[in-house]
J.: 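Mind having a look at this structure? Questions to follow.
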2 protein chains.
Amino acid sequence: MERQKRTTIYDIALKLNLAASSVSRALSNSSKINAETKALVLKTAVEMNYQHNAMASNLRKGSNPTIGVVVPRINQDYFSNVIAGIEEVTYSRGYSLIICQSNEQHAREVDCVNALVNQHVSCVIISIAAETGTYGHLQQVLDRQIGLIQFDRVVDELDTFKVINNNETASLEAVSHLIEQGYRRIALLEGPQQLDIFRQRKAGYLAALRQHNIPVLEELMYENAWTKELGAVATAKLLDLENPPDAIFASTSDFSALGVLEVAANKGIQIPKELGICGYSNEPFTELTSPSITTIDQYSFKMGKTIAELYFEQTEGKAQIKPKTISIKPKLIVRKSTRRK
Amino acid sequence: MERQKRTTIYDIALKLNLAASSVSRALSNSSKINAETKALVLKTAVEMNYQHNAMASNLRKGSNPTIGVVVPRINQDYFSNVIAGIEEVTYSRGYSLIICQSNEQHAREVDCVNALVNQHVSCVIISIAAETGTYGHLQQVLDRQIGLIQFDRVVDELDTFKVINNNETASLEAVSHLIEQGYRRIALLEGPQQLDIFRQRKAGYLAALRQHNIPVLEELMYENAWTKELGAVATAKLLDLENPPDAIFASTSDFSALGVLEVAANKGIQIPKELGICGYSNEPFTELTSPSITTIDQYSFKMGKTIAELYFEQTEGKAQIKPKTISIKPKLIVRKSTRRK
DNA sequence: TTGTAAGCGTTATCAC
DNA sequence: GTGATAACGCTTACAA
């Protein structure tokens, strides 16, 4: 098989008796070019099957119209929707998207970020891994004048753009709803507390209890129950308490709430009558379980769009925009698993 | 804010009184370099905060260790899992992943593929959009010696590597199961027939009926019912027939099956007793509906891994490997929506 | 408007 | 082993 040489602008120039620079100008839609020459070049380019070489162009221009996205997992509804939202905007701007997943591992996250820096991406959009420690890799991004936008799970200390949910408010609202429905012994399934989002959700839970003068009980707060399996384990233990909870707020995720639901259902506990359940994230399945699960919608797709728009606003703005935090208020979605009035 | 200039290998060379080529050799782990020099360079590189420039390197080497993936939608469980599977493999090889979504639109798909070609990716992995016509953009990929692997929805005519599911067999198995459960008037919800996967699924349906000597009825085959909404519309019409079906095979997707389920449930029809329902794809929610939905698992994550491994096998193999098709047999997952014996 | 030439940061090919 | 140098394909001052 004969390896066909790529046609370059020089090949076109040679054929048309032009300078390469003119060809370049014609192809890049420059104003300083004769309309006829331009048309001729464009026509010849097609004939010769010319294809722009982005690598060369980017190197020369010192820029790469590509945005890197690092998320814990691609195949999670929340993240894939954020990515879809980002893509919606970047596509219309002609930007490419490089996607990496950290698998919740710090080392892998560092790898990903470094790879993106090596590739000179214009911006890194990241939601940090649960297993996370130092932030040198993110500081590195900033040092190299690459845009950095954190979302959802953010490192507060880093002075970057941030797009987050108001987790505390959402959590407060959810727990208040539970109280309003008459639940009094409300258990909390917590996520890893090194992540700010889970600290905030816990804060909302505590605030709600305080507002309603409900005692905070250590035995009802269960750390690190953020998968379906861990949620199930936690539920089994909670329901075995001498004085079991009458509601469980799985602040970590809907998967965790699903674990709660299954264990409770298997024990023949009536939901929502005997046990209220509230999840977090509005995964599609929460609408379909029986009973359907009350949860919190994070407007994931919209978040993605907001993030990407923020980037372009920032780079295109005349004045340098100061890092700011955009907070999107999540929405409590009340379903059958907590509606007992 | 002072824009800091990047350190290049020349900067390091200058500082150490070496030639740039030696620095390059040291950094790229070449054998033709003194161990001490190498150590010195590596140390200095860290000190000077050197970062490899992938754009320059790729240009020079004429290759880009990046794989482009084009899917109809990122935020669909099946596709995001395939992507996760691909990522699993490419990450371990140090390859990046550029993700594009066609949104089922042909024009957008062409855009995406062109962008990937411009970026000189090593390989394009694609599942084509429903709204599709010509295949010039894919031929282009081949012409430029870029790897092309089609998966799931493939264009048969193009001589490329393909990773597919055996849709016909799966479909045959599903419909046979329905027949075995005593269903006799089995309706089919079809996807766009320009896509081979939907033609194959229909073929499986027809084959199953034939094998069991069940008449094929036009009125029970409903074209283009491949979203939840369209599935609902189709179901409403089917159930209004003088002689309505006793089972519906939503061969297009689980979303479609969900539409069927909702309409039937609203009409007070008993599932599976009065109506059997079978979907396609094993979306997570099918396990959670009531009743749970019988469906077909496509091993999406595994498919992703297979695809990526196929690419590396192909490029690294000594001998040029001929394009081949890998068919992964999907698995029928029988759940309550069809189990009435 | 067009041409000339330098340079983006690497790596590969030669010499030494 | 190491150094000098050309080249990857493009863009952009600057000159004409």
Side-chain angles (χ1 to χ4, degrees), chain A residues 3-42 44-45 48-66 115 117-122 144-145, chain B residues 3-42 44-45 48-66 115 117-122 144-145:
Chain A
R3 168 167 288 262
Q4 201 174 314
K5 214 182 143 293
R6 273 178 92 89
T7 36
T8 70
I9 54 171
Y10 276 91
D11 299 326
I12 299 177
L14 209 62
K15 181 157 189 180
L16 296 181
N17 243 322
L18 277 171
S21 50
S22 294
V23 177
S24 171
R25 281 189 275 259
L27 291 170
S28 60
N29 232 330
S30 163
S31 54
K32 307 176 175 223
I33 185 87
N34 184 300
E36 285 176 32
T37 331
K38 185 170 148 185
L40 184 60
V41 169
L42 256 40
T44 317
M48 297 180 74
N49 201 17
Y50 169 81
Q51 193 91 22
H52 182 78
N53 185 328
M55 291 192 308
S57 169
N58 293 342
L59 173 62
R60 176 59 237 249
K61 293 200 282 197
S63 73
N64 183 357
T66 297
V117 170
N118 281 349
Q119 289 177 71
H120 258 109
V121 296
S122 306
R144 302 202 180 274
Q145 319 285 337
Chain B
R3 170 166 286 262
Q4 203 175 310
K5 213 182 142 294
R6 275 178 89 91
T7 31
T8 71
I9 54 171
Y10 274 92
D11 299 325
I12 299 177
L14 209 64
K15 181 156 186 180
L16 297 180
N17 242 320
L18 278 170
S21 48
S22 293
V23 176
S24 172
R25 279 189 276 259
L27 291 170
S28 60
N29 232 332
S30 160
S31 54
K32 305 176 176 224
I33 185 86
N34 185 302
E36 285 176 32
T37 334
K38 184 171 148 186
L40 184 61
V41 169
L42 257 41
T44 316
M48 297 180 74
N49 202 17
Y50 168 81
Q51 193 93 21
H52 182 78
N53 186 328
M55 292 191 307
S57 171
N58 293 342
L59 172 61
R60 179 59 238 248
K61 293 200 282 198
S63 73
N64 183 358
T66 296
V117 170
N118 281 348
Q119 290 177 71
H120 258 115
V121 296
S122 307
R144 304 205 178 269
Q145 317 286 335

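Here the structure is a predicted model, which means the values were calculated and not measured. Reminder, nothing fancy here: chain letters follow the sequence lines and each chain counts from 1.
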J.: Please round to the nearest 0.5 Å and tell me the distance separating atom CE of A:Met55 and atom CZ of B:Arg60.
T.: 12.0 Å

J.: Is there a donor on the side chain of A:Ser21 or the base of C:dT4 sitting less than 3.5 Å from an acceptor on the other?
T.: yes

J.: Contact class for B:Asn17 vs. all strands (heavy atom < 4.0 Å): base, sugar-phosphate, or nothing?
T.: sugar-phosphate

J.: Expressed as a whole number of angstroms, how long is the span from B:Leu16:CG to D:dT2:P?
T.: 12 Å

J.: Would you mind telling me which of C:dT10, D:dT2, C:dG3 lies closest to the side-chain atoms of B:Thr8?
T.: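 It is C:dT10.
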
J.: Is any side-chain nitrogen or oxygen of B:Tyr10 closer than 4.0 Å to OP1 or OP2 of D:dT5?
T.: no

J.: Nearest whole angstrom, please: distance from the C1' of D:dG9 to the CG of A:Leu27.
T.: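 My rounded result for the distance is 12 Å.
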
J.: Nearest whole angstrom, please: distance from the P of D:dA7 to the CG of A:Asn53.
T.: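 Result: 18 Å.
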
J.: For A:Ile33 and for B:Met55, locate the closest nucleotide of DNA chain C by heavy-atom distance; then report the residue assigned to the nucleotide nearer the 5' terminus.
T.: A:Ile33

J.: In whole Å, I'd like the distance from the CG atom of A:Asn34 to the P atom of C:dG3.
T.: 11 Å

J.: Between C:dG3, C:dT10, D:dG9, which one does the side chain of A:Ala56 approach most closely?
T.: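 Shortest atom-to-atom distance from the side chain points to D:dG9.
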
J.: Could you tell me how far apart B:Ile9 (CD1) and D:dA4 (C1') are, to the nearest whole angstrom?
T.: 13 Å

J.: With a 3.5 Å distance limit and no angle check, can you tell me whether A:Ser28 reaches the backbone of A:Ser24 through a side-chain donor-acceptor pair?
T.: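 Yes.
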
J.: So, does the side chain of A:Arg25 form a donor-acceptor pair with the base of C:dG3 at under 3.5 Å?
T.: yes

J.: Rounded to the Å, how far apart are B:Asn58 CG and D:dC10 P?
T.: 15 Å

J.: Measure CG/B:Asn64 against P/D:dC8 and give the value in whole Å, please.
T.: 18 Å

J.: Which nucleotide sits closest to the side chain of A:Lys61: C:dT2, C:dT10, D:dT12?
T.: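 Closest of the options to the side chain of A:Lys61: D:dT12.
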
J.: Less than 4.5 Å apart, any side-chain heavy atom of A:Asn53 and any of A:Thr8?
T.: no

J.: Does the side chain of B:Arg6 come within less than 4.5 Å of B:Asp11's, by heavy atoms?
T.: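 Side chain of B:Asp11 against side chain of B:Arg6, heavy atoms only: no contact under 4.5 Å found.
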
J.: Quick check: on DNA chain D, is the nucleotide nearest B:Thr37 upstream (toward 5') of the one nearest A:Ala54, or the reverse? Name the residue that is more 5'.
T.: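 Nearest nucleotide further toward 5': that of B:Thr37.
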
J.: Give the rounded distance in Å between these two atoms: CZ of B:Arg6 and C1' of C:dG9.
T.: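 Whole-Å distance recorded here is 9 Å.
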
J.: C:dT10, C:dC8, C:dT4: which one has an atom nearest the side-chain heavy atoms of A:Leu59?
T.: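 Taking heavy atoms from C-beta onward, the closest nucleotide is C:dC8.
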
J.: Base, sugar-phosphate, or nothing for B:Ser24, non-hydrogen atoms under 4.0 angstrom?
T.: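 It contacts base atoms.
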
J.: Would you call A:Leu27 and A:Ile9 a side-chain contact if the rule is heavy atoms closer than 4.5 Å?
T.: yes

